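Residue numbers begin at 1 in each chain, while the letters A, B, ... track the order of the sequences. Since the model is a prediction, treat every value here as computed from it, not as a measurement.
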Amino acid sequence: MFALIDGNNFYVSCERVFRPDLNGLPVVVLSNNDGCAIARSNEAKALGIAMGAPWFQIKHMSESHGLVALSANFALYGDLSDRVASLTAGFGPRQEIYSIDESFIDLAGVTRDQVAYGHRMRARILDWVGIPCGIGIGSTKTLAKLANHVAKTAERKPGSYPIQFAQVCDFSAMSPVEFTDVMERTNVDEVWGVGRQISNQLNDGGVRTVAQLMALDPATVRRGWSVVLERTVRELQGVSCVALEDVPADKKEIANTRSFGHVITEKYQLVEAVTDFATRAGEKVRKQSGLAGLVHVFIRTSPFRKDDAQYSGCITVPLRRPTCDTRHLVAAAVMGLERIYRPGYNYAKGGVMLLELQPDTRIQNELDLGDDVPDKGKLMAALDSLNQRYGKGTVIMGSSGNRGSDREWSMKQERRTPAYTTEWEDMPIARA
DNA sequence: TCTGGGGTCCTAGGACCC
DNA sequence: TCTGGGGTCCTAGGACCC
């Protein structure tokens with residue numbers, strides 16, 4: 001049996017822990033550059049504000065409806081997320097931290113009243129951390145997710161579901177009649193793994209409710225859609241196909257991408273941005289003791305600026321050998337940028353992704369002696385510890401804009417061949 | 001004027017091999 | 001002149017998740 005514990009309107013709830021005056025008010029948390037709403041309080045949802053709504057379109061509600069908008073504070077949310085996860089880890093023998101605001105708990109060993117246990121878990125999190133949660137319980141992860149949806153919706157929208165399922169909803173404790181009733185009230189698009197496309201396709205085929213989806217033959221679903229949806233259907237039928245993953249896997253890709261907030265046109269500005277993206281990505285890959293084999297860079301204009309000429313450029317640069325050294329990553333990223341930059345466009349967004357990640361199995365000796373750069377490992381370790389102690393960006397890499405433009409390089413298609421060489425001695429390494 | 005930032009998995013189709 | 005079929009690997013793109 002699984003429980004899914006999910007913080008309600010998580011970012012807003014985090015803000016309210018330190019700003020109780022925000023309780024009862026319509027509140028949204030805005031993305032980077034205050035671009036759009038990425039979390040909404042129940043009151044804001046009731047105003048009809050959609051997930052991802054651009055701030056400039058809902059701004060007027062701050063006048064008319066007292067809407068409060070906050071710039072995101074991800075450090076705060078990460079910290080509160082850790083506290084909730086540490087607490088919930090004790091609620092069962094195993095835990096999977098699924099996202100910043102969700103954990104699956106294995107309820108093995110909880111044999112008596114699971115609903116009462118759910119309410120005690122919920123009260124404990126509210127008391128100790130201050131975050132209100134919804135708790136869903138089911139025999140598979142998909143059912144637990146769906147029960148969680150019922151728990152939250154029953155609380156937020158009276159009448160949507162029987163009120164006794166609000167806050168904590170345990171499918172396994174329902175009578176068959178209650179269970180069928182709930183499944184008939186729930187649309188297929190609420191199911192974990194059913195998004196807009198598949199939902200539309202199911203609706204076209206006359207399958208609108210979860211009750212109908214559950215009744216489908218898994219083999220038919222596989223033929224008509226995919227093994228993914230087949231697995232979802234089986235999970236709804238109570239056959240556990242998705243295991244609890246209590247050991248987080250290493251990332252297979254690491255990305256750092258941003259909208260710039262305002263358009264930029266000059267190459268040197270993009271070089272700065274890409275240098276920063278690659279630096280952040282390097283920190284992340286070293287954190288998981290990994291090496292990257294490829295560096296992918298992209299820049300693009302804004303599709304929302306209809307009058308602008310549109311351009312989207314990307315390139316995947318192979319590294320001569322897998323590395324986690326910021327200097328190599330930055331050099332490759334800037335080199336890629338040189339190839340894809342076109343003057344005369346208004347760039348709105350860019351990013352760097354590290355691909356073909358692999359574990360760093362080199363022994364410390366190699367790192368210290370360096371294959372091509374002396375003390376490479378020590379330098380990166382020093383960089384990371386300085387930035388961790390004194391704050392992000394205390395020590396950063398420098399880039400010069402036209403480096404690499406005349407160097408040997410190779411496109412993705414040729415990635416098995418040695419890619420390029422760089423010298424480091426003449427590079428500005430860091431500034432404090 | 002202003003529109004997020006991450007990730008994963010699956011599939012189809014082409015290249016290539018025997 | 002006739003001209004198979006199975007298998008693997010790789011990649012791009014779609015769909016989903018938070």
Task: Strand DNA chain B in bracket notation, Watson-Crick/G-U under 3.5 Å with | for pairs to another chain - done: ....||||||||||||||
Under 3.5 Å, which donor-acceptor pairs do the side chains of residues 122-134 of chain A form with other protein atoms, sequence neighbours left out?
from     : atom 1 : to       : atom 2 : distance (Å)
A:Arg122 : NE     : A:Cys133 : O      : 2.5

What contact category does [X] fall into here, base, sugar-phosphate, or nothing, at under 4.0 angstrom with non-hydrogen atoms?
X: A:Val191; answer: sugar-phosphate
X: A:Ile198; answer: sugar-phosphate
X: A:Glu253; answer: base
X: A:Asp101; answer: sugar-phosphate
X: A:Asn33; answer: nothing
X: A:Ile100; answer: nothing
X: A:Arg280; answer: nothing

[Y] and [X] side chains, donor-acceptor separation under 3.5 Å:
X: A:Glu245; Y: A:Tyr98; answer: no
X: A:Thr326; Y: A:Arg286; answer: yes
X: A:Gln310; Y: A:Thr301; answer: yes

Under 3.5 Å, is there a donor-acceptor pair between the side chain of [X] and the main chain of [Y]?
X: A:Lys349; Y: A:Ser302; answer: no
X: A:Asn346; Y: A:Val263; answer: no
X: A:Lys267; Y: A:Glu338; answer: no
X: A:Tyr117; Y: A:Phe91; answer: yes

Task: Upstream residue (5' side of DNA chain B) when A:Gly35 and A:Lys251 are each assigned their closest nucleotide - done: A:Gly35
TODO: For A:Ile38 and for A:Ala255, find the nucleotide of DNA chain B with the closest heavy atom, then tell me which residue's nucleotide is more 5'.
DONE: A:Ile38
Task: Which atom of A:Leu354 lies closest to which atom of A:Ala281, heavy atoms considered - done: CD1-O, 3.5 Å
- [ ] Please measure how far the P atom in B:dC2 lies from the corresponding atom in C:dC18, and state the result in whole Å.
- [x] 30 Å
Open item on the list: Please verify the inter-ring angle class for A:Phe171 with A:Phe179; under 30° counts as parallel, over 60° as perpendicular, anything in between as tilted.
Closed with: perpendicular
- [ ] May I ask you to decide if the ring planes of A:Phe74 and A:Tyr77 are parallel, tilted or perpendicular, using 30° and 60° as cut-offs?
- [x]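 Plane angle over 60°, so perpendicular.
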Task: Neighbours of DNA chain C within residues 44-74 of chain A, by heavy-atom distance under 4.0 Å - done: none
Open item on the list: Heavy atoms within less than 4.0 Å of DNA chain C: which residues of residues 208-243 of chain A have one? Give them sorted by number.
Closed with: none
Under 3.5 Å, side-chain donor or acceptor atoms of residues 44-63 of chain A against the rest of the protein: list the pairs with distances, not counting sequence neighbours.
from    : atom 1 : to      : atom 2 : distance (Å)
A:Lys45 : NZ     : A:Asn9  : OD1    : 2.6
A:His60 : ND1    : A:Gln57 : O      : 3.3
A:Ser62 : OG     : A:Lys59 : O      : 2.6

- [ ] Indicate yes or no: does A:Lys152 engage A:Glu102 in a salt bridge with an N to O separation below 4.0 Å.
- [x]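 No, no charged N to carboxylate O under 4.0 Å.
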Open item on the list: Looking at A:Lys287 and A:Glu283, is any side-chain nitrogen of the basic one under 4.0 Å from a carboxylate oxygen of the acidic one?
Closed with: no
Task: chain A contact limits on DNA chain B, taken 5' to 3' with a cut-off of 4.0 angstrom to heavy atoms - done: B:dC2 to B:dT11
